[in-house]
Structure formats: C-alpha cells, structure tokens
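Here is the structure we will look at.
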Protein chains: 2
Amino acid sequence: MKFTSHEEYGLRCLLQIGRRGPGVGVTIPEISRAEGLSTAYTAKLLRMLRNAGFLKSARGQAGGYTLARPPEEIIIGDVLAELGGRLFEGDFCERHAGQEASCTHSSDCSIRSLWSTVQTAVDRVLSRTTLRDLLRAEESACPPEASLVRIRPSAPERAEVL
Amino acid sequence: MKFTSHEEYGLRCLLQIGRRGPGVGVTIPEISRAEGLSTAYTAKLLRMLRNAGFLKSARGQAGGYTLARPPEEIIIGDVLAELGGRLFEGDFCERHAGQEASCTHSSDCSIRSLWSTVQTAVDRVLSRTTLRDLLRAEESACPPEASLVRIRPSAPERAEVL
DNA sequence: CCGAATCTATACTCTTAAGTCAAGATTGAT
DNA sequence: ATCAATCTTGACTTAAGAGTATAGATTCGG
C-alpha cells in the first residue's frame with residue numbers, strides 16, 4: 001500500500017499545467033524539463049490524463065496541453081484513481097481468492113470491511129480536494145511549516161467495530 | 001495506490017492464527033489449506049510476520065505458529081506496514097526526484113502535504129484497529145449484510161469519473 | 001538412532017508496473 | 001510546399017513485486 005510513481009509524477013505534471021493561467025498551453029518538453037522527467041514518460045502521463053478527460057491537447061507548432069476544465073472542477077481523487085487505481089477495486093475479491101473458488105467469506109469478511117473503512121477515510125480526503133486547492137496551497141506560503149492542504153472539518157473519523 | 005497481495009494474504013494468515021485460542025499452534029499446511037495458498041507462499045508470509053515480532057514459531061513435530069502477543073496488542077497498522085510498507089515512506093522524496101538533484105519543492109510541496117494528509121487519514125483508522133477488533137467483528141455476525149467495521153455517518157462515497 | 005513432521009533460508013521464476021523507443025500525424029510559419 | 005515544432009500510438013525493455021522451488025535445520029516419537 002504505497003503511492004505509485006504514476007500518481008506522484010502525473011499529479012506534478014497536472015500542477016505544472018494548472019499553474020499557468022487558463023488557456024495557456026504547456027508543452028511536453030517544458031514540463032519534462034521542469035520536473036526532470038524524460039519527454040517520453042511525460043508524454044505518457046499526459047496522455048493518461050488527457051484520455052481521462054482532465055486535459056486537452058493541441059497539436060502543431062503552437063500546441064501544448066491545457067486543463068480541460070477549471071481547476072475547481074478537477075477532483076484529485078479522480079485524478080489519482082486514473083493514475084494509480086483505487087485502493088480497493090471491484091475485482092479485488094476475485095483476484096485474491098487464492099486457489100479457492102471464491103474468497104472464503106467466513107475467514108475474511110472482517111478484512112473486507114477494514115479495507116472499506118480505509119478506502120472511505122482516503123476518499124473523504126481525496127474527493128474533497130480539487131486542483132484549485134493544491135494551487136492555492138502553493139500560492140500561500142510554501143516553505144514554512146504546517147499542512148497547507150487543510151481538510152474541511154467534518155464528523156470525526158472513527159472506525160467503530162460492532 | 002492499492003492494497004498489496006501481501007497485505008491481504010498476510011493479514012488473513014494472521015487472522016487464522018488469532019482465531020485459535022492462545023497457545024494453540026497452527027501449522028503452515030493448515031493455514032495454507034484454509035486460505036487456498038501454496039505452503040511455500042504461506043511460509044513466506046508467516047516468516048515476515050514472525051521476523052516482525054507478531055508471531056512466534058516452534059519447530060518439530062508438534063510445532064506451528066502462535067501469536068507473539070495478545071491480539072489487543074497487535075496493531076493492524078503495524079502489521080500492514082510490515083507486509084506492504086507505508087503509504088508515504090521516508091525516502092519517497094529522494095526516490096521521486098526525477099533527474100533533478102532533489103525534489104523541487106516549489107513545484108510539489110502541495111503534493112507532499114496532500115500525501116501527509118492522506119497518510120494521516122489512513123493511520124487514524126489503522127493505528128486504532130487491533131487484531132482483537134477484527135476477531136471480535138467476526139464473532140458477531142459475519143454472513144449477514146452490512147459492514148462490520150462502521151464509520152460514523154457523513155462519509156459521502158466518491159463519485160466515479162465519467 | 002531414525003524417520004516424519006515441522007519450520008528456515010536463499011535463490012529462482014513469473015507477472016505486472018515503470019519507463020523508453022521509434023515511427024507517425026497534425027499544425028502553423030515561411 | 002516545406003519545415004520545424006508539436007502531439008500520438010503501440011511496442012519494447014527494464015525494474016520491482018508476487019509467488020515458487022529446493023535444500024537444510026529442528027523437534028519429537030518410536
């Protein structure tokens with residue numbers, strides 16, 4: 001259970017584009033240089049984001065990438081799901097049934113519900129964070145201390161076992 | 001960002017052992033059979049858990065695995081960290097610095113703090129859940145519907161990407 | 001002592017994710 | 001029309017995680 005490279009780098013690329021004003025195209029070589037990634041890899045990541053509808057691209061001499069929507073409409077949770085998948089995916093049970101026909105529920109339904117609980121905790125953060133929030137966090141004060149992305153207060157997150 | 005196979009299977013094995021009373025040894029072939037895993041893989045997972053101090057083992061004809069501590073002292077977060085690493089590890093920045101000397105903070109400190117926020121949300125759940133909790137959840141009512149580990153209201157599930 | 005049942009350890013293979021390569025297609029400027 | 005800058009695509013290579021194989025060491029019962 002780790003953040004993947006695609007999530008890290010893909011999100012960085014998205015930020016590079018969001019940082020420029022709306023309508024300003026950014027090219028693959030520019031992003032590649034800014035982030036220290038190969039152009040080929042940058043292109044691959046941008047393609048993923050474009051196919052998922054977060055970016056749009058223009059070809060040709062004055063081409064480049066721009067956001068497909070305003071940053072406040074780009075949910076980071078959706079971006080990360082595209083780049084690195086969901087924590088607990090639909091086919092998880094089938095894929096982890098061992099040699100048995102199906103995951104033996106008597107032995108691990110408590111695990112299933114633990115996974116859901118974690119998933120929910122993560123979603124609570126990521127579904128409420130937009131690209132706008134990340135950009136705003138940078139504007140404020142980057143170097144200093146303290147968490148820059150603050151989660152709006154909500155019901156206390158407590159896993160409660162019946 | 002996904003749960004790993006080691007986390008899933010390793011935790012299942014740990015549950016198998018915790019389910020038996022204290023002091024009752026469980027053998028690799030038994031667990032292997034119960035979970036539908038190969039004995040070799042089961043052995044590998046159990047070894048990881050043993051080396052991390054969650055289990056102890058006895059060799060020989062009447063050998064097997066038992067918990068090294070009472071289940072209420074086994075924090076699931078620690079177990080998962082051992083089986084699948086932490087979401088956001090210490091060396092993450094160095095490992096993802098691209099070609100650059102270090103991760104350029106001006107471009108991604110907002111990402112760093114996002115990662116921390118997610119990590120905290122996950123830890124909040126996992127550091128408070130013990131093996132005892134999972135075992136208790138099973139005792140109650142497993143087959144029926146509904147999540148056994150329940151989160152207090154106000155957890156809107158994330159919307160799918162179109 | 002001997003053998004069966006058990007755990008132990010390391011090295012190996014297989015699969016998937018990460019990252020690269022190379023050929024192609026579009027656009028705008030001259 | 002040509003050229004250079006750009007994105008596009010699919011196949012390829014490499015690295016890492018998942019799972020296997022095999023040989024070895026410990027314990028206990030006879």
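When reading the values below, keep in mind they use all heavy atoms of this one structure, side chains included, and skip hydrogens, waters and symmetry mates. Residue numbers begin at 1 in each chain, while the letters A, B, ... track the order of the sequences.
Between A:Ser38 and C:dT20, a side-chain N or O to OP1/OP2 separation shorter than 4.0 Å is present. Look at B:His6 and you'll find a side-chain N or O under 4.0 angstrom from OP1 or OP2 of D:dA18. For the OP1/OP2 pair of C:dT8 and a distance below 4.0 Å, the side-chain nitrogens and oxygens of B:Ser57 include at least one atom meeting the criterion. Within the 4.0 Å cut-off from OP1 or OP2 of C:dA17, not a single side-chain nitrogen or oxygen of A:Tyr9 is found. An OP1 or OP2 oxygen of D:dT8 is reached within less than 4.0 angstrom by a side-chain nitrogen or oxygen of A:Tyr65.
If you find the closest nucleotide of DNA chain C to A:Lys44 and to B:Ala43, the one lying nearer the 5' end belongs to B:Ala43. Both B:Gly63 and A:Tyr41 sit near DNA chain C, but only B:Gly63 has its closest nucleotide nearer the 5' end.
Separating the CE atom of B:Met48 from the C1' atom of C:dT10 is a distance of 15 Å, rounded to the nearest angstrom. Atom CG of A:Leu83 is separated from atom C1' of C:dA17 by 13 Å (rounded to the nearest Å). We find that CD1 of B:Ile31 is positioned 13 Å from C1' of C:dT6, with the value rounded to whole Å. Rounded to whole angstrom, the span from the CD atom of A:Glu30 across to the P atom of D:dT6 amounts to 8 Å. For B:Leu37 and D:dA18, the CG to P distance is 13 Å, given to the nearest whole Å. The NZ atom of A:Lys2 sits 15 Å away from the P atom of C:dA17 (whole-angstrom rounding). C:dT6 atom C1' lies 13 Å from atom CG of B:Leu46, rounded to whole Å. Protein atom CG of B:Leu49 is 15 Å distant from nucleotide atom C1' of C:dC7, rounded to whole Å.
Proximity note for A:Arg47 (side chain, C-beta onward) versus D:dT9, C:dA18, D:dT6: the nearest is D:dT9. The nucleotide whose nearest atom lies closest to any side-chain atom of B:Arg59 is, among D:dG19, C:dT20, D:dG24, D:dG24. Side-chain proximity of B:Gln61 to the nucleotides C:dC7, C:dA5, D:dG10 is greatest for C:dA5. Between D:dT6, C:dA18, C:dT6, one nucleotide has an atom nearer to the side chain of B:Thr27 than all others, and that is C:dT6. When distances are taken from the side chain of B:Ser5 to each of C:dG19, D:dA18, C:dT20, the shortest belongs to D:dA18. For B:Pro29, whose side chain is taken as the heavy atoms from C-beta onward, the closest listed nucleotide among C:dT8, C:dC7, D:dC7 is C:dC7.
For the atom pair OG1 of B:Thr129 and CD1 of B:Ile75, the computed distance is 8.5 Å after rounding to the nearest 0.5 Å. Atom CD of residue B:Gln119 and atom CG of residue B:Leu87 lie 5.0 Å apart, to the nearest 0.5 angstrom.
Here the closest heavy-atom approach between residue B:Leu15 and residue A:Ser110 is recorded as CD1-OG, 3.7 Å. The minimum heavy-atom distance linking B:Leu135 with B:Gly18 is given by the pair CD1-O, 3.7 Å.
Ion pairing between B:Arg86 and B:Asp123 holds under the 4.0 Å rule for side-chain N and carboxylate O.
At a threshold of 4.0 angstrom between heavy atoms, the contacts of B:Arg50 are confined to the sugar-phosphate backbone, with no base atom among them.
Residues satisfying the side chain to side chain contact (heavy atoms under 4.5 Å, CB included) test with B:Leu67, not counting sequence neighbours, are B:Leu14, B:Ile17, B:Leu55, B:Pro71, B:Ile74, B:Leu131.
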